[in-house]
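Presented below is the structure to which this report refers.
As a basis for the values below, the full set of heavy atoms in this structure was taken, side chains included, without hydrogen atoms, waters or symmetry mates. Each chain gets a letter, A, B and so on, in the order the sequences are listed, and its residues count up from 1.
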2 protein chains.
Amino acid sequence: MDGKIATIQDVARVAGVSTATVSRTLSKPSVVSPTTRAAVLDAVEQTGYRINTTASNLRRQRTGSVIALVPNLANPFFSQILAGMSSVLTEAGLGLLVADTQSGTDPDERLRHFLVSGVADGLIVFDGTLSPQVLDMPGRPPVLMACEWMDRNLPSVTVDNQAGARLAVDHLVQEGHSRIGYIAGPEGNVLSVARQQGFTAALQIHDLPLRADWQYEGDYSMDSGMVAARRWMAMTDRPTALFCASDEMAVGFVGAVQRAGLRVPDDVSVIGFDNIEVVQHLTPPLTTIRQPRNQIGVRAAEMLIEMISAGSLSGPSEVIDVEFMPRSSVGPPRA
Amino acid sequence: MDGKIATIQDVARVAGVSTATVSRTLSKPSVVSPTTRAAVLDAVEQTGYRINTTASNLRRQRTGSVIALVPNLANPFFSQILAGMSSVLTEAGLGLLVADTQSGTDPDERLRHFLVSGVADGLIVFDGTLSPQVLDMPGRPPVLMACEWMDRNLPSVTVDNQAGARLAVDHLVQEGHSRIGYIAGPEGNVLSVARQQGFTAALQIHDLPLRADWQYEGDYSMDSGMVAARRWMAMTDRPTALFCASDEMAVGFVGAVQRAGLRVPDDVSVIGFDNIEVVQHLTPPLTTIRQPRNQIGVRAAEMLIEMISAGSLSGPSEVIDVEFMPRSSVGPPRA
DNA sequence: AAATCTGTTGTAAACGATTGCAACGTATGC
DNA sequence: GCATACGTTGCAATCGTTTACAACAGATTT
């Protein structure tokens with residue numbers, strides 16, 4: 001009793017019943033009589049029995065966990081999403097495994113590995129650069145895309161990126177800007193493309209020029225925001241306001257601009273995307289588009305659980321609204 | 001073959017050998033003859049067989065994953081640590097489960113749950129507020145503390161918090177400060193206490209006064225840094241420099257001070273702790289003490305793996321050095 | 001030529017739970 | 001009083017591996 005861990009057999013012996021009864025007492029208490037139920041629970045208490053999840057999982061043909069595949073675990077953007085996921089998964093008795101796609105050599109191979117390894121009942125994939133063909137595979141678990149997407153037919157939970165871009169442009173226009181630039185995410189990234197499309201569409205609505213030289217390339221990182229700032233500062237005919245595809249880049253941009261002696265928003269207005277924690281404490285606090293990260297995690301988990309219990313590889317998609325967060329990094333353009 | 005997933009039986013049948021041979025081919029290829037090995041691998045290929053980890057784990061009496069218990073999953077501080085852990089765990093064929101302690105009702109109960117649930121081969125615990133007594137339990141898996149600690153006898157990987165504080169104070173003194181305050185972490189938090197001890201000791205070495213009214217309470221959050229700033233600004237006889245137990249608080253402090261029209265470092269010098277990504281892009285870039293977060297994760301994982309394979313509940317502890325990061329948030333005190 | 005060893009393979013018993021099916025006792029319907 | 005139904009329990013198969021042990025063939029030793 002003290003050396004080893006008690007098994008269901010031990011409990012059955014102590015309670016004087018069969019293992020079947022013990023199992024039922026624990027999973028469907030209603031079908032056993034109150035007296036035996038009490039006896040079993042007593043025996044459980046005495047032996048300190050804890051159900052062996054591995055054995056249970058084997059018999060029930062499941063694993064009891066889902067895995068979140070993010071492009072880069074070190075990216076803090078995901079932590080709050082994971083927290084949201086964790087809360088609902090735990091509630092459902094599921095564990096949350098995490099792994100990143102970009103750490104090994106072949107990201108696709110990594111996805112394939114988790115699909116076939118049978119180590120999770122379902123996947124939530126945050127990386128839109130993977131090949132959808134990898135999913136063409138018999139007997140794979142359900143997969144839900146989150147934030148990014150690789151094939152619009154896959155079930156997903158995303159935010160309305162285009163609407164976010166529109167909100168940003170609308171605000172800049174409202175403040176009097178007509179020379180508006182865009183700092184993009186990595187080449188081909190679906191989020192950056194969607195935001196750029198929203199940006200372009202919004203410019204058209206306001207009858208503003210879309211100038212190729214006012215589109216700066218970035219990769220979502222602060223450093224790339226800094227690089228964009230240098231390019232911006234080197235121009236003479238430059239935008240008076242910039243919409244950044246991520247808060248990180250906005251932070252890098254603002255930092256670089258300020259270090260060069262310019263002021264935000266007096267010399268240039270900046271608007272970000274994401275609403276990461278820190279930006280409200282900056283000087284000036286950053287105007288941005290908020291993504292409800294906790295909610296994204298919660299919905300993703302809920303939807304995946306739905307797919308798992310339905311045993312279905314397909315499911316609905318959901319688009320979550322973004323929110324405009326007015327702060328102080330946007331002002332009227334310099335006269 | 002297409003509908004269901006192939007089992008080891010299927011492979012054995014196709015290869016014309018026993019399941020034992022298949023298993024051996026996959027785990028210890030050296031003991032099977034080259035010819036049968038080839039036949040088996042061929043059959044594996046044909047059937048698309050993937051080992052069922054659940055069954056394997058049950059038989060081998062392990063789970064194949066370790067769990068990281070953090071106080072708050074939403075805290076980005078951990079993401080880089082998790083990334084480091086993930087990289088070495090994956091290498092070792094282990095999955096990384098994450099969960100937070102502070103989300104449910106009873107944090108201790110949460111730890112207890114994971115100890116007995118048998119869902120992980122080992123735990124890495126980042127929360128020093130739990131009770132060490134929870135670990136007094138037969139048959140529990142190995143536990144390694146990381147960053148924080150609850151009982152110095154437990155194996156752990158931590159950083160040299162006191163040395164960090166000393167580095168900070170030394171630098172401030174060197175710049176000419178003699179009126180130095182401290183913004184603490186949450187009441188009783190081991191990290192905050194250790195840093196405060198280092199702080200106090202360093203003041204003594206430099207023969208500087210330790211004034212109770214120059215110690216501000218915080219909880220590591222940016223908001224609490226903001227609150228501290230308000231208290232600081234309300235004082236007339238106040239420190240000219242502040243050492244913050246976390247970068248977050250330093251950010252909150254600096255932001256609040258700047259919004260009030262004061263300047264850093266002209267009006268007040270600030271030094272943080274952690275070296276989170278963003279602080280180098282602030283205006284001014286924050287001087288801080290760097291914790292090598294990736295390395296912490298890597299070492300924690302390595303050490304836990306060591307304990308797991310040794311089947312030992314005890315193990316060595318390791319203290320990792322911190323590094324002083326001079327930037328621009330510290331300057332000479334106002335004359 | 002018998003005995004021993006080595007290398008390779010198969011047999012079958014675990015690992016610890018869940019669950020379809022059968023069996024039992026008792027209550028109900030006719 | 002007999003048949004049927006219901007509520008409760010046990011038997012035993014099953015999930016898919018791993019591995020101790022036995023078995024066997026061929027090589028080597030005595």
Side-chain angles (χ1 to χ4, degrees), chain A residues 1 3-41 43-44 47-65 93 116-121 139 141 311, chain B residues 1 3-41 43-44 47-64 93 116-121 139 141:
Chain A
M1 206 155 301
K4 303 238 66 53
I5 274 247
T7 75
I8 202 173
Q9 318 266 3
D10 301 322
V11 180
R13 196 175 321 113
V14 171
V17 298
S18 73
T19 64
T21 303
V22 175
S23 176
R24 281 188 283 249
T25 307
L26 266 25
S27 53
K28 306 191 289 181
S30 61
V31 306
V32 311
S33 80
T35 27
T36 44
R37 194 191 312 156
V40 169
L41 293 180
V44 167
T47 53
Y49 170 70
R50 299 293 161 150
I51 202 165
N52 179 318
T53 18
T54 309
S56 170
N57 286 339
L58 171 59
R59 175 60 226 239
R60 294 166 55 200
Q61 299 283 74
R62 50 164 251 161
T63 71
S65 40
V116 300
S117 67
V119 79
D121 296 330
Chain B
M1 205 153 307
K4 303 238 69 43
I5 274 244
T7 76
I8 202 173
Q9 319 264 6
D10 301 323
V11 180
R13 195 176 320 113
V14 172
V17 298
S18 73
T19 64
T21 301
V22 176
S23 177
R24 279 188 285 251
T25 308
L26 266 23
S27 53
K28 307 191 289 180
S30 62
V31 306
V32 311
S33 79
T35 25
T36 45
R37 193 190 313 156
V40 169
L41 292 180
V44 167
T47 54
Y49 170 71
R50 299 293 158 149
I51 201 166
N52 179 320
T53 17
T54 309
S56 170
N57 287 339
L58 172 60
R59 176 58 228 237
R60 294 165 53 199
Q61 299 283 73
R62 49 163 252 160
T63 71
V116 300
S117 67
V119 78
D121 295 330

Taking the side chain of B/V17 as heavy atoms from C-beta outward, which of C/dA17, D/dT19, C/dG10 is closest to it?
C/dG10
Go through the N and O atoms of the side chain of B/R59 and the base of D/dT17, and report whether any donor-acceptor pair is under 3.5 Å.
no
Atom CG of B/D10 and atom OG1 of B/T19: how far apart are they, to the nearest 0.5 Å?
11.5 Å
Does either side chain, that of B/D121 or that of B/T63, offer a donor lying less than 3.5 Å from an acceptor on the other one?
yes
Where each residue is assigned the nucleotide of DNA chain C containing its nearest heavy atom, which of B/A55 and B/R37 is assigned the position nearer the 5′ end?
B/R37
A/Q61 CD to B/N52 CG distance, which is reported to the nearest 0.5 Å
7.0 Å
Walking DNA chain C from its 5' end, the first of B/V31 and A/S27 to be reached, judged by nearest nucleotide, is B/V31
Does C/dT18 have its OP1 or OP2 closer than 4.0 Å to a side-chain nitrogen or oxygen of A/S56?
yes
Classify the nucleic acid contact of B/S23 as base, sugar-phosphate or nothing, counting any heavy atom under 4.0 Å across all strands shown.
base
Name the nucleic acid region contacted by B/R50, choosing base, sugar-phosphate or nothing; use a 4.0 angstrom heavy-atom cut-off, strictly under.
sugar-phosphate
Assign A/T54 to base, sugar-phosphate, or nothing according to its heavy-atom contacts below 4.0 angstrom with the strands shown.
nothing
When you compare the side chain of A/V40 with that of A/V32, does any pair of heavy atoms fall below 4.5 Å?
no
With a 3.5 Å cut-off and heavy atoms only, can you find an N or O donor on one side and an acceptor on the other between the side chain of A/R60 and the base of C/dT18?
no
